[in-house]
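Following: one structure in structure tokens, then a few remarks.
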Amino acid sequence: GDSVTQMEGPVTLSEEAFLTINCTYTATGYPSLFWYVQYPGEGLQLLLKATKADDKGSNKGFEATYRKETTSFHLEKGSVQVSDSAVYFCALSDLQAGTALIFGKGTTLSVSS
Amino acid sequence: SQTIHQWPATLVQPVGSPLSLECTVEGTSNPNLYWYRQAAGRGLQLLFYSVGIGQISSEVPQNLSASRPQDRQFILSSKKLLLSDSGFYLCAWRQGPWNTEAFFGQGTRLTVV
């Protein structure tokens, strides 16, 4: 079945460092891909998305490119801030897999000043 | 604009007691509705989803049930809680085709004691 694999956390960075969180997927169809962010004690918020190969989603300085050849959707940010500390989830939606989003296990990011 | 409400925000219940968590969506009609559970280190687990009134699909057989008595209302229930039911429960909705994003409520932190 469809699945999403994220790099294990936690990821600990200093402010202004470069961030990469790896995400790879397995899908039977042609999925759409998403990154969500969860701040402590809150629900998930959509960060960015991409619906077809080579699309780049971007928001708040974060970017991710849909790479069909490597089945990847890595999240990047050039200069992280303390306020970026949160849990990040990669997810996919595949018509073949039904109506729900399938999530990775999440990666905790901690940024210190 | 669309909004999703989920309550209560926190709940402490004894083992063997019943459970009822409620989720409502405003500003849209005929949404797909979802219940997820988030346990520490295990990401998001899809529990139930519904594509219409009275239509419930269960992803994981367990001690919980769901109902959709109205178009924009989704209820998660249990007759007798177990310790293992503790976790963070998230309601989500989605509109339209499979490649659209889902929107999440703020979540309910359930502790079974």
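The shown structure was predicted, so the numbers you read here are calculated from the model rather than taken from an experiment. Below, chain A is the first sequence line, B the second, and so on; all start at residue 1.
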Report which part of B:Q38 has an atom under 4.5 Å of a heavy atom belonging to chain A: side chain, backbone, both, or neither. side chain
Carefully, step by step, assess A:L46 and B:F103 under the rule side chain to side chain contact (heavy atoms under 4.5 Å, CB included). CA-CA 7 Å; A:L46 179 69; B:F103 298 92; 5.6 Å; no
Would one find more than 12 heavy atoms of other residues, nucleotides or ligands at under 6.0 Å from atom CD of A:E16? no
Could you tell me which portion of A:Q38 (side chain, backbone, both or neither) has an atom closer than 4.5 angstrom to a non-hydrogen atom of chain B? side chain
Short question: side chain of A:Y36, backbone of B:A102 - any donor-acceptor pair under 3.5 Å? yes
Distance col, row A:E42:CD vs B:Q106:CD, nearest 0.5 angstrom, shows 5.5 Å
Closest contact, heavy atoms only, A:A100 versus B:L46: CB-CD2, 3.4 Å
Group every Ile, Leu, Val, Met, Phe, Trp and Tyr by side-chain heavy-atom contacts under 4.5 Å, then state whether A:F62 and A:I21 land in the same group. yes
Which atom of A:L44 lies closest to which atom of B:F104, heavy atoms considered: O-CB, 3.5 Å
Starting from B:W93, can I reach B:W35 by hopping between I/L/V/M/F/W/Y residues whose side chains sit under 4.5 Å apart? yes
Taking atom CG of A:L48 and atom CD of B:E101, what is their separation to the nearest 0.5 Å? 11.0 Å
For B:Q55, is the CD atom crowded, meaning more than 12 foreign heavy atoms sit under 6.0 Å from it? yes
Are B:I75 and B:I56 connected in a single hydrophobic cluster, I mean Ile/Leu/Val/Met/Phe/Trp/Tyr linked by side-chain heavy atoms less than 4.5 Å apart? no
Give the cluster check for B:L82 versus B:L21: same hydrophobic cluster or not, with ILVMFWY residues linked at side-chain heavy-atom distances below 4.5 Å. no
Gap separating the OG1 atom of B:T100 from the CZ atom of A:F34, nearest 0.5 angstrom: 6.5 Å
Tell me, do B:R94 and A:L101 make a side-chain contact under 4.5 Å, heavy atoms counted? yes
Shared ILVMFWY cluster between B:Y49 and B:Y36, side chains joined below 4.5 angstrom? yes
